[in-house]
Amino acid sequence: MSGELRGRRSGDPAVRLLAARSLRVHRKAWAAVFAAVAVTSALLGALALALGSVGLGHARVERYAAAPVVVAGDQEVRWTVEPWGSEPGTEKAGLTERVRVPDEAVAVLRAVPGVREAVRDDAFVVREAVPDDRFVGREAVPDDTSAVREGRAHVRTYPGRSWDAARLAPHRLTDGRAPRQAGEAVVGAGLGAVGDTVAGREVVGVADGPAVLYVTAGEARRLAGHPGAVDAVGVLAEPGVPVDTLHARVRAALDEAGLKDTAAGQPLRALTGDGRGAAEHLGAPPARAELLQLLAAVAANVVLVAVLVLASLVAQALQQRAAERELLLSVGATPRQVRGAAGREVTRVAGAAALLGALASGPVFLALWSALRARTGVVPEGLELPTPSWLFAALPAVAALVVGITRFVVLFAARRPGRSGRGGARRVAGIVLLVLGAGSAGTATFQGGDAAAAAAGAATVTLVAGCALLGPWIAGAAMAVLDRSFRRLGGAPGRLTAAGAAAHSRRLGAALVPVVLVTAFALVQLSAGATMERAAAAQARAATTADLAFSGTTAERVRKLPGVETATDVLRSSVVLARTEVGSPRLDRLPVLGVDADGLAGTLDPGVVAGDLSGLGRAGTVAVGADMAESLEVKPGSTVELRLGDGTKKRLRVVAVYERSLALGEFLLPKAELAAHMSDPYPARVLAAGDHGGAPVVPEAVTPPGAELNSLVSGGIVVAIGGLTLLSVLSTLALIGAGRRGELELLRQVGASAGQLRRMLGLEAGFLTATGLLVGLVVGALPLTAFAWALTGGLPYLPPAQAVTIVGVVLVAVVAGVFLPVAARRGSRR
């Protein structure tokens, strides 16, 4: 047999025979690996489907469904950097404010051969004050700010368009006629009936389709408020003209005319197919890009956690069979053959588990995706996320990837049989990772925003990986500290626990790693968001000094109310900041506020640390948050280049630096500066100072675009990855318990009672829980503290209920993992 084994490689029958027999003998040991692989495959499968769906996503085509070609402005800003000694890099960012088309484009398009008509489309919003009981009635009241103030009315908004543009959908009359003069309107279904009055206009017709207010073309241009420009132009083709032909002719005509958009001066776009939706739902494409980045980062985290979990489980499963491997070596098997047999075992187990997980990922994804779509306001309006049946063909590839990951960890988990080693390389690698993690955490303290978050995240991952490598030494050091207490205060069970820990530090370290992983991961994920929200809320309370708050009106009207001393409009928009990061271009889309400088006193206090906010009363000025000012190295008198919401590049002079940027955003601009580049330049709310009588002022912090969606997805991922790591805790401890049968049986034979063994296991569970929580707290607290200090200037925060939940879940998981295998053995003996 010796010569036969030596002459064969891992793919030969002898190795296959060893793998098959070992797999049957160690079915229970491989059950833990099977469960972990199945859950990993299900998670990655669901994420792959989500990435595919978002990758295929597009803005919904509604208003322009009947127009084969739509001409619109370029809703993306681009920035190219040519670093020294490398290829130029280009970064893109979506714009959420309308980039408009010059009026001349309409005449150019009407002259294109094959064009039946070029229809201009301008969108606007009409507002009116309605009494509380009016939502089921038909009588309107004037736009009366005092009525809104006293709670007798609410402001209702209506999206509006010209009746000519209704043909682009197309929407048709179901009753009445088209509007002919300024005081007439056609309403969409549900807004009213012929003869009603809506927003001060007589309803002369009712159309199918959404709740939209249609007016004459001239009235639409007046209400849109941007003379010389149009939102978009829908191109209708002559009968028989193919879309491709029409698009090519339109593109050539636009290029020949040299027409540019009215904001950044970029060439106009001619959109077809699903691309037409980008001209309707401006927020959908940027949200899609951000969701793609979020899901890709989450998938990378899942892969990393899976590698740590599977490496720990596989290593423990193989370590428990060291005596068996030594026996095989003694009868002539080569180390390569033994490793090959182990790899074949793992591949068989992982293959079946990965396929099971991939099958489960389909229903899980569909259920979660349906729940996500059902949450109103979470997915941006107009963002379509298709899930074609062929997308599920990716699941076998995901299963193969998970099998490959599991097979890869065998290379490190299956140490060469016959060599016990002192683990010098492992110890050095672990120490290096800890040093790198601490350095990355230190780097985060000197950075801000996404850079600080990225550095803190890298620090967490590196520190956890270092602890995974140093698990046996961490466990040994912790037990060395507690050894005397266990031996003196724990009686016989304490002495047994201490002796077992000293003899099996590697086993104890393997049990400790998943506890540290789940604690650190949950701590970082939950505390980072809570810290930011708490700091932003505190800054919002300090910054909002107004006595009154209004919505659906303007500061000009509010100032006319009795008792109002001062008021400021608060406009919400976004800007794009271009900068380099390690030589590469980077575009950040940031939320900003537009304010009236004369009305800030008594209403809004940004916490100025340099300069004077009165300077915002002049055009071409900006106030900058303190962290951003430090990052950009600017101060009052410096200049900052920003791209406003529609892509217009502005060089603004800094007049003040303020500290409450978490609540108010990184930039404050004059209202007039921001309004000129907004699709709907109407105040989000009005803050006023004066006597009582207004709505209670609720402090509001600005939120980045897509914050609610990111929060929901992140919460789901915390649950998913937390579940995987908790499963690893249970699986690892169950695996260890299955491998201790002989040890526990021997203790019974030499006189240990059942009660003493239970107390010994209880002490082990307490040791693992306390040590795992402590190490996990240190691993998580180091990058968290750096992150919180960089962004808030304070310490991290975790709600007490969440802290108690983490401790409770870890305790239950460890106790269950320690005692369930013992209970199962008893049940099987009975």
Side-chain angles (χ1 to χ4, degrees), residues 536 539-550 553-561 563-575 577 590-645 648-678 681-691 694 697 699-702:
Q539 289 191 10
R541 288 192 298 270
T544 307
T545 58
D547 301 313
L548 311 172
F550 299 87
T553 187
T554 64
E556 182 181 1
R557 291 173 180 160
V558 170
R559 292 189 191 104
K560 298 176 182 178
L561 296 176
V564 172
E565 299 172 0
T566 183
T568 179
D569 290 321
V570 178
L571 279 65
R572 296 184 183 273
S573 184
S574 63
V575 297
L577 174 66
L590 304 169
V592 296
L593 298 182
V595 295
D596 186 346
D598 294 335
L600 289 179
T603 60
L604 205 61
D605 179 14
V608 174
V609 295
D612 189 350
L613 288 175
S614 63
L616 289 177
R618 298 185 296 274
T621 57
V622 66
V624 185
D627 290 338
M628 181 61 70
E630 182 179 357
S631 174
L632 298 178
E633 298 181 350
V634 298
K635 59 185 179 180
S638 304
T639 57
V640 173
E641 186 175 88
L642 298 175
R643 289 160 175 82
L644 301 184
T648 301
K649 188 184 297 185
K650 288 278 187 175
R651 197 158 192 86
L652 306 171
R653 186 171 62 86
V654 178
V655 297
V657 175
Y658 57 93
E659 61 182 356
R660 292 174 182 144
S661 57
L662 290 178
L664 304 179
E666 299 294 352
F667 301 99
L668 290 177
L669 278 76
K671 176 187 66 175
E673 190 81 59
L674 201 60
H677 303 277
M678 294 176 62
Y682 205 82
R685 66 175 185 164
V686 176
L687 297 178
D691 295 336
V697 180
E700 294 180 358
V702 298

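Below, each value reflects all heavy atoms present in this structure, side chains not excepted, and no hydrogens, waters or symmetry copies. For this chain, numbers begin at 1 and follow the sequence in order.
- To the nearest 0.5 Å, the span separating NZ on Lys649 from CG on Leu642 amounts to 11.5 Å.
- When side chains are defined from C-beta on, Arg685 counts as touching Leu687, because their heavy atoms get closer than 4.5 Å.
- Partner Leu600 forms a side-chain contact (heavy atoms from CB on, under 4.5 Å) with one of Val608, Thr566, Leu613, Leu668 and no other, that one being Leu613.
- A donor-acceptor distance shorter than 3.5 angstrom exists from the side chain of Glu673 to the backbone of Gly620, with no hydrogens or angles considered.
- You'll find the side chain of Leu664 reaches within 4.5 Å of the side chain of Leu604, heavy atoms only.
- Taking a cutoff of 4.0 Å between a charged side-chain nitrogen and a carboxylate oxygen, Arg559 and Asp598 do not qualify as a salt bridge.
- Looking at every heavy atom in both residues, Ala629 comes nearest to Val624 through N-CG1, 3.6 Å.
- For the pair Arg653 and Val622, the minimum side-chain heavy-atom distance is 4.5 Å or more.
- Contact between Glu666 and Tyr658 at its shortest, heavy atoms only, is C-OH, 3.1 Å.
- Side chains of Leu577 and Leu632 form a contact here, defined as non-hydrogen atoms less than 4.5 Å apart.
- At distances below 3.5 Å, at least one donor-acceptor pair connects side-chain atoms of Thr545 with backbone N or O atoms of Thr603.
- Separating the CG atom in Leu652 from the OG atom in Ser638 is a distance of 12.5 Å, to the nearest 0.5 Å.
- The two residues Val657 and Ala626 come nearest to each other via the heavy atoms CG1-CA, 3.6 Å.
- A donor-acceptor pair under 3.5 Å is absent between the side-chain atoms of Thr544 and the main chain of Arg541, judged by distance alone.
- When all heavy atoms are compared, the tightest approach of Ser661 to Gly625 is CB-CA, 4.0 Å.
- Looking at Thr568, its side chain does come within 3.5 Å of a backbone N or O of Asp596 through a donor-acceptor pair.
- Counting non-hydrogen atoms of other residues, nucleotides and ligands closer than 6.0 Å to CD of Glu556 gives a total of 12 or fewer.
- Annotation: side chain of Val640 is in contact with side chain of Phe667 (closest heavy-atom distance under 4.5 Å).
- Heavy-atom minimum distance, Gly615 versus Thr621: O-OG1, 3.3 Å.
- Smallest separation of non-hydrogen atoms from Arg572 and Met678: O-CE, 3.3 Å.
- For the pair Asp605/Arg660, a side-chain contact is recorded, criterion being any heavy-atom separation below 4.5 Å from C-beta on.
- In this structure, Lys560 NZ and Thr553 OG1 are separated by 9.5 Å, a value rounded to the nearest 0.5 Å.
- Using a 4.5 Å heavy-atom threshold, the side chains of Asp569 and Tyr682 count as separate.
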- Where do Leu644 and Leu669 land on the side chain to side chain contact (heavy atoms under 4.5 Å, CB included) test, with the steps shown first? CA-CA 10 Å; Leu644 301 184; Leu669 278 76; 3.8 Å; yes
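- At least one side-chain heavy atom of Pro670 sits under 4.5 Å from a side-chain heavy atom of Leu616.
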